[in-house]
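Everything below concerns the one structure shown next.
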Number of protein chains: 4
Amino acid sequence: MASTSNERLIESAATCMARDGYYQTKISDIVKGAGVSQGTFYWYYKNKEDVVKAIFSEVEQGLLDVVKIGYRQTMGTRESMVASSVGLIASYLRYVREHRDAIRLLTRCRQDADPVVKELANKVVRHVEDAFFHNIQRAKALGMIPEQRSTDVQAALLMSLVDGMTYRWLFTEVDNDKDIGQLSPEALAEEIVSYEFFGMLGAPEEKRQMGET
Amino acid sequence: MASTSNERLIESAATCMARDGYYQTKISDIVKGAGVSQGTFYWYYKNKEDVVKAIFSEVEQGLLDVVKIGYRQTMGTRESMVASSVGLIASYLRYVREHRDAIRLLTRCRQDADPVVKELANKVVRHVEDAFFHNIQRAKALGMIPEQRSTDVQAALLMSLVDGMTYRWLFTEVDNDKDIGQLSPEALAEEIVSYEFFGMLGAPEEKRQMGET
Amino acid sequence: MASTSNERLIESAATCMARDGYYQTKISDIVKGAGVSQGTFYWYYKNKEDVVKAIFSEVEQGLLDVVKIGYRQTMGTRESMVASSVGLIASYLRYVREHRDAIRLLTRCRQDADPVVKELANKVVRHVEDAFFHNIQRAKALGMIPEQRSTDVQAALLMSLVDGMTYRWLFTEVDNDKDIGQLSPEALAEEIVSYEFFGMLGAPEEKRQMGET
Amino acid sequence: MASTSNERLIESAATCMARDGYYQTKISDIVKGAGVSQGTFYWYYKNKEDVVKAIFSEVEQGLLDVVKIGYRQTMGTRESMVASSVGLIASYLRYVREHRDAIRLLTRCRQDADPVVKELANKVVRHVEDAFFHNIQRAKALGMIPEQRSTDVQAALLMSLVDGMTYRWLFTEVDNDKDIGQLSPEALAEEIVSYEFFGMLGAPEEKRQMGET
DNA sequence: TATGAATGAGTCTTCATTCAT
DNA sequence: GATGAATGAAGACTCATTCAT
């Protein structure tokens with residue numbers, strides 16, 4: 001509770017920037033949110049760029065920790081692969097839900113922030129995609145996924161899927177969003193992973209079911 | 001040739017805003033790019049919001065025209081469905097490549113622009129997603145796609161895929177981007193559609209091929 | 001009378017900066033003095049540095065025009081040399097009195113201004129000293145002044161004399177200043193030139209007079 | 001060795017202010033240079049004005065001690081007068097060279113500092129000029145210098161000479177300054193005194209030498 | 001239609017100064 | 001004696017917008 005000025009500043013900065021964007025957030029908004037004076041901001045940070053860096057470095061590690069756990073060591077059945085993927089994506093979704101502000105800030109800054117911050121944000125996301133890439137590569141090496149398709153493209157497709165759905169899930173206003181925002185992390189993860197592995201046509205058993213119907 | 005001030009303003013605005021973002025683009029940048037005076041801008045437009053609207057209304061119809069062609073009327077084989085999807089996505093990609101600036105502007109404004117413009121941009125994208133939704137629904141009605149999964153979610157997944165890959169394809173610097181930026185619209189469309197229908201595990205024939213190897 | 005905003009700005013800037021110094025002069029002071037708005041300043045000038053440059057380039061030419069007239073072409077008597085020197089210094093003094101503000105600004109900026117402005121101010125003064133140097137050199141070439149002493153040092157001594165006395169004459173408050181501030185340009189010029197040529201011991205005829213007394 | 005915080009503050013203040021000027025020197029610069037904290041400054045001094053006063057009171061006495069030694073008691077030859085003047089100016093130059101920072105600070109503060117400090121700096125210089133004044137007056141009383149010219153003006157001329165040349169000698173960058181900066185205190189003193197007494201036309205013996213050549 | 005001078009509110013940033021520890 | 005966190009007033013600069021011509 002008796003948080004330090006510094007902590008209050010970081011938190012307020014994340015909240016404001018997630019809500020209003022990097023450029024639209026004024027230092028005066030941040031300090032108002034933190035309940036400190038204008039000068040105090042500059043005691044801790046050189047400028048806006050500086051706070052964002054601090055926020056990013058916190059979030060990057062968290063994200064990577066989650067994604068790297070997905071690294072598969074041994075062969076398994078297709079079912080176990082799918083199940084562990086669902087588990088991975090679900091942890092990812094739980095993580096981002098816990099860190100909504102930082103994640104939204106990250107997403108926004110990839111498009112709108114000054115060049116240094118932009119590049120930093122993209123680097124974070126690139127690191128996550130790299131982790132996805134290695135997971136796919138490993139699955140191919142273990143013979144669990146066919147090798148025809150480019151792993152680069154597949155990692156990009158997966159990243160697009162996860163990224164886009166995360167945004168829809170967390171940040172799109174409900175009335176526009178049908179029911180996606182209501183899904184549990186696990187349910188959404190299941191949808192994503194099903195799509196990831198089987199596409200719109202679904203898993204064989206699903207197809208079988210369909211054939212039977 | 002001798003384009004009007006108005007045309008030059010629209011074009012300059014699109015270029016500047018695509019490059020710098022909505023808020024970061026100054027009226028003075030736009031008029032500089034258009035080679036007219038500050039006052040002239042205000043003769044044609046009330047403010048920044050006003051130009052963006054003009055740009056958006058141009059692009060929305062184009063996008064919808066492309067997507068609505070994909071609306072399937074009659075039953076066909078799975079192969080023809082996939083082929084026509086590839087055709088659809090490829091036209092989409094060709095279209096956005098032709099209208100890079102407007103598309104990038106649209107994408108950026110969904111996240112960073114004043115509320116009215118933001119909502120406008122999101123509406124355009126929502127319309128595209130609706131078109132996807134109806135295409136999927138129709139395919140389900142024709143029995144070409146299993147019906148278990150929520151069409152809402154599937155449309156969102158497809159939109160994420162198309163949106164994310166479009167961004168990667170057009171706007172990410174090459175060195176970070178491996179070879180995605182180099183793909184032809186057709187090749188990229190093929191990758192997306194394959195993923196869309198069959199996921200990472202690939203189409204049955206691909207799996208068969210793999211099995212035979 | 002109906003002077004332009006630009007003219008009013010230049011004049012106000014010179015007045016303020018002469019009075020308060022480069023760094024202590026606020027843009028808000030300048031615009032207040034000019035009776036225009038803050039924004040108007042920035043329409044005409046990039047910043048403080050920019051106005052000062054404009055002021056300096058005006059004054060430099062004026063100063064050089066005065067000093068260069070002193071360039072002696074033909075041999076003459078010692079009396080004519082002294083007389084023409086008095087004329088030169090007197091015009092110089094009249095000029096600086098007419099341009100008090102610019103001159104004071106120049107003097108202050110040689111010590112206190114940002115590096116670019118400082119260097120600019122010093123350059124102006126160096127040009128004046130160069131003109132003095134050439135005048136002395138020419139007088140030596142014509143055999144009117146002994147050649148033992150270094151012309152560099154002599155020019156510097158003369159510059160110190162003129163500079164220091166100008167400052168005392170124009171800018172030192174009277175009560176501290178005995179009667180120097182009351183002298184006419186011609187009287188002060190006569191004092192300076194007498195010292196310049198004959199030093200404290202005075203001209204021969206003066207010495208003679210003294211001897212006779 | 002282990003100098004006190006107070007000593008370190010004084011020294012740092014002199015260094016910073018000599019280099020950057022009164023107004024441009026921040027308290028934070030001073031404490032950085034002294035290696036103490038911001039708060040410590042305010043333990044010893046009320047504000048910037050306060051430190052400068054401390055610095056000035058140190059330097060004033062030193063300067064006066066040097067100049068007052070020049071006070072002539074008894075009649076002598078013109079040569080001895082010149083020689084003792086050279087000695088006086090040379091001590092002065094040695095002194096200011098030893099106290100460069102304080103001297104530069106003093107010089108700068110005469111033009112740019114807040115009114116109290118400015119007046120203080122001017123008072124120091126006025127005291128020096130008074131000492132010059134009395135020396136000249138005494139020389140006149142002893143009949144060693146003609147009396148026509150105003151002693152006030154002569155003292156001011158001498159002060160200008162000494163002041164200007166000191167500045168040139170110590171503080172002007174070499175490449176702009178030809179060789180003045182390279183002179184020894186004695187050589188420069190000789191130049192100044194020769195000019196002081198005989199002006200540009202030189203001493204009689206010099207003129208004779210010239211005539212003989 | 002078109003110009004560009006003029007405005008002033010809005011922000012970032014600096015820095016002397018205070019004060020609890 | 002000494003620290004350094006905290007303050008807030010002051011000042012530079014930006015930029016959307018207006019308006020007379």
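Worth knowing before you read on, the calculation uses all heavy atoms, side chains too, and leaves out hydrogens, waters and symmetry mates.
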### Task
Could you tell me whether B:R126 and B:E119 have a side-chain N and a carboxylate O separated by less than 4.0 Å?
yes

For [X] and [N], give me the distance from atom [atom1] to atom [atom2], rounded to whole Å.
X: D:Y45; N: E:dA16; atom1: OH; atom2: C1'; answer: 17 Å
X: D:W43; N: E:dA16; atom1: CH2; atom2: P; answer: 21 Å
X: A:E49; N: E:dC12; atom1: CD; atom2: C1'; answer: 14 Å
X: C:K32; N: E:dT7; atom1: NZ; atom2: C1'; answer: 17 Å

### Task
Spell out protein contact along nucleotides 11-21 of chain F as letters: B when the base is contacted, S when just the sugar-phosphate is, - when no protein heavy atom is under 4.0 Å; keep the 5' to 3' order.
SSBBSSBB---

### Task
May I ask you to say what B:Y44 touches in the nucleic acid, namely base, sugar-phosphate or nothing, with a heavy-atom cut-off under 4.0 Å?
sugar-phosphate

Cut-off 3.5 Å, no hydrogens considered: what does the side-chain donor-acceptor table look like for residues 24-33 of chain B, sequence neighbours left out?
from: B:T25; atom 1: OG1; to: B:C16; atom 2: O; distance (Å): 3.3
from: B:T25; atom 1: OG1; to: B:G21; atom 2: O; distance (Å): 2.7
from: B:D29; atom 1: OD2; to: B:K26; atom 2: N; distance (Å): 3.2

The criterion is side chain to side chain donor-acceptor pair (under 3.5 Å); which residues satisfy it with [X], sequence neighbours excluded?
X: C:Q111; result: none
X: C:D114; result: C:Y22
X: B:S57; result: none

### Message
Would you say C:S5 places a side-chain N or O within less than 4.0 Å of OP1 or OP2 belonging to E:dA6?
### Response
yes

### Query
Has the side chain of C:R108 got a donor or acceptor atom that lies under 3.5 Å from a matching backbone atom of C:R19?
yes

#### Entry: Donor-acceptor contact present, side-chain A:Y23 to main-chain A:A113, <3.5 Å
yes

### Side-chain heavy atoms of B:Y44 within contact of B:I10, under 4.5 Å
no

### Task
For DNA chain F, produce a single dot-bracket line, 5' to 3'. Pairs: Watson-Crick or G-U wobble, both distances under 3.5 Å. Symbols: ( ) within strand, [ ] crossing, | other strand, . unpaired.
.||||||||||||||||||||

### Message
Both A:D29 and C:G35 contact DNA chain E. Taking the nearest nucleotide for each, which residue is further toward the 5' end?
### Response
C:G35

### Task
Return yes if a side-chain donor-acceptor contact under 3.5 Å exists between C:T40 and C:S37, otherwise no.
yes

### Query
In terms of side-chain heavy atoms of C:T40, which of E:dT7, E:dT3, F:dG1 is nearest?
E:dT7

